[in-house]
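Working notes, beginning with the structure itself.
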Amino acid sequence: MGLLRIMLPPKLQLLAVLTFGVAVLFLENQIQKLEESRGKLERAIARHEVREIEQRHTIDGPRQDATLDEDDDVVIIYNRVPKTASTSFTNIAYDLCAKNKYHVLHINTTKNNPVMSLQDQVRFVKNVTSWKEMKPGFYHGHISYLDFAKFGIKKKPIYINVIRDPIERLVSYYYFLRFGDDYRPGLRRRKQGDKKTFDECVAAGGSDCAPEKLWLQIPFFCGHGSECWNVGSRWALEQAKYNLINEYFLVGVTEELEDFIMLLEATLPRFFRGATELYRTGKKSHLRKTTEKKLPTKETIAKLQQSEIWKMENEFYEFALEQFQFVRAHAVREKDGELYILAQNFFYEKIYPKSN
């Protein structure tokens, strides 16, 4: 542009700038249209896949009495928090589904909105509970916790999840929006072209790295209530803790993902048989790493840790970590640097009346 100022008269310079601006707007509009078309294509493919499965079940014949074996009448919901190794873990489920004979379904919400409308909540609950062709099923998506009992459902799905140190999660998400990852390296990201580091963003008081952006894991566990999404709500934090203890089968942490997978294999082998070995020795196709990520300085971390929002999100993370380590301590033993799942440690006796 400096050379243009020297060579062109002012009117032509202005025309060149306007032309460049129009070209940029045109390109952005075309990119938006391509992204919308891609979304429509993905939804069309998903509908086609569903129809194929339903037709295959129809050809094979309906299940007897439309009932399922107890082992098959199971649904797991993994309402994954963004940037907590959720794609890495989900890809293990995809790798195992054919071998272990279950279905994996991605819950793709418009613009990744984690809060469903009331009518969509009703549709989703009905789908999950009555869609027998998809059982046993593993549903995953970026949605907040949904209480099925609220809709009169007696046999609720099994909820699992993974959470992460809140600052590490935010840093990973910040760079992901700018540089993507090694999973889909060619995909254009929302903030692509912004080269500002996380440290520079925090120093400048940028919105993408503000403490308010830390508020995500608490509302994901809290649910669909309005107070859950009220940033800094103490009630939301306590509700998230309650749900973690009472509504989730197991919640792991990113930093100890292998132990989380080991516990799932021991307790839910219908889905996770072979998961630990795959994680340890597989081709690692399930692993995903954010590109160009730079660790924040101690000064940046200290600045974020001054906020009440970080203190609450960190309190929830520490609470989840303590609960996970408690569960693990009662389920495994260490030998020669390796963890081993404990065998059954109870039995029945004094059984009356005596059988003849």
Side-chain angles (χ1 to χ4, degrees), residues 71 74-107 136-142 157-166 168-169 171-173 175-176 180-185 217 220-221 244 248-291 293 317 320-344:
D71 288 344
V74 180
V75 169
I76 292 176
I77 295 181
Y78 172 34
N79 64 315
R80 39 195 285 206
V81 180
K83 305 315 296 176
T84 57
S86 63
T87 299
S88 300
F89 173 63
T90 301
N91 283 346
I92 292 176
Y94 276 110
D95 288 344
L96 292 173
C97 65
K99 178 182 177 182
N100 291 344
K101 294 181 171 52
Y102 62 87
H103 296 93
V104 181
L105 300 90
H106 178 217
I107 310 158
F138 180 96
Y139 291 75
H140 67 96
H142 296 311
I158 297 171
Y159 270 93
I160 62 172
N161 217 325
V162 178
I163 70 169
R164 187 177 185 178
D165 174 276
E168 290 183 5
R169 192 206 65 79
V171 170
S172 182
Y173 190 61
Y175 285 108
F176 173 74
D181 54 29
D182 56 2
Y183 186 63
R184 290 191 290 180
Q217 298 187 131
F220 258 71
F221 278 79
L244 186 148
Y248 280 80
F249 178 76
L250 184 66
V251 176
V253 293
T254 304
E255 297 78 8
E256 299 175 14
L257 190 60
E258 181 178 325
D259 294 354
F260 172 69
I261 292 169
M262 181 192 298
L263 288 172
L264 286 177
E265 180 172 2
T267 53
L268 297 172
R270 179 68 182 80
F271 289 83
F272 297 104
R273 186 179 292 107
T276 307
E277 185 68 15
L278 176 63
Y279 183 81
R280 288 175 176 170
T281 64
K283 60 184 183 295
K284 303 299 184 186
S285 62
H286 49 275
L287 298 181
R288 180 180 186 178
K289 294 182 180 178
T290 300
T291 307
K293 184 168 63 176
Y317 170 75
L321 177 60
E322 180 182 2
Q323 175 65 15
F324 175 71
Q325 291 176 341
F326 178 84
V327 171
R328 183 180 59 189
H330 287 79
V332 304
R333 287 293 179 269
E334 184 175 353
K335 182 179 179 182
D336 300 327
E338 294 286 336
L339 293 180
Y340 295 90
I341 294 292
L342 289 173
Q344 182 170 313

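Position 1 is the first residue of the sequence; numbering continues from there.
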CZ (Phe272) and CZ (Phe260) are apart, to the nearest 0.5 Å, by 7.0 Å

Closest approach of Asn100 to Phe271 (non-hydrogen atoms, all atoms of both residues): ND2-O, 2.9 Å

Can you tell me if Glu265 uses its side chain to pair, donor with acceptor, with the backbone of Gly274 under 3.5 Å? yes

I'd like to know if the side chain of Arg270 and the backbone of Lys101 have a donor-acceptor N/O pair within less than 3.5 Å. yes

Verdict with reasoning, His106 to Tyr94, per side-chain contact (heavy atoms from CB on, under 4.5 Å): CA-CA 10 Å; His106 178 217; Tyr94 276 110; 4.0 Å; yes

Nearest non-hydrogen partners of Glu255 and Tyr317, listed with the distance: OE1-OH, 3.0 Å

Looking only at non-hydrogen atoms, find the nearest pair between Phe220 and His142 and report the distance. CE2-C, 3.8 Å

Derivation of the side-chain contact (heavy atoms from CB on, under 4.5 Å) call for Thr267 and Leu250: CA-CA 10 Å; Thr267 53; Leu250 184 66; 5.5 Å; no

Contacts of Phe138 that satisfy ring-ring contact (aromatic ring centres under 6.0 Å, His included) - sequence neighbours left out: none

Nearest non-hydrogen partners of Asn161 and Asn79, listed with the distance: ND2-O, 2.7 Å

Side-chain donor/acceptor of Thr84 to backbone N/O of Thr254, under 3.5 Å: no

Interatomic distance, Arg280 atom CZ to Glu258 atom CD [nearest 0.5 angstrom]: 4.5 Å

Under 3.5 Å donor-acceptor, Tyr102 side chain and Ala93 backbone: yes

Rounded distance (nearest 0.5 Å) linking atom CD1 of Ile92 with atom CG of Leu264: 9.5 Å

Could you pull out the closest heavy-atom pair between Leu96 and Arg273, with the gap in Å? CD2-O, 3.7 Å

Measure the spacing between CD1 of Ile158 and CG of Leu268 and express it to the nearest 0.5 Å. 5.0 Å

Quick one: are Ile341 and Met262 in side-chain contact, heavy atoms under 4.5 Å? yes

Look up atom CZ in Phe324 and atom CD in Glu256, then write down how far apart they are to the nearest 0.5 Å. 6.0 Å

Between Arg80 (side chain) and His140 (backbone), is there a donor-acceptor pair under 3.5 Å? no

Looking at every heavy atom in both Leu244 and Tyr248, which two are closest together, and how far apart are they? O-CB, 3.5 Å

Show the numbers, then the answer: is there a side-chain contact (heavy atoms from CB on, under 4.5 Å) between Arg328 and Leu263? CA-CA 8 Å; Arg328 183 180 59 189; Leu263 288 172; 4.2 Å; yes

Main-chain N/O of Ile163 paired to Gln217 side chain as donor or acceptor, under 3.5 Å: no

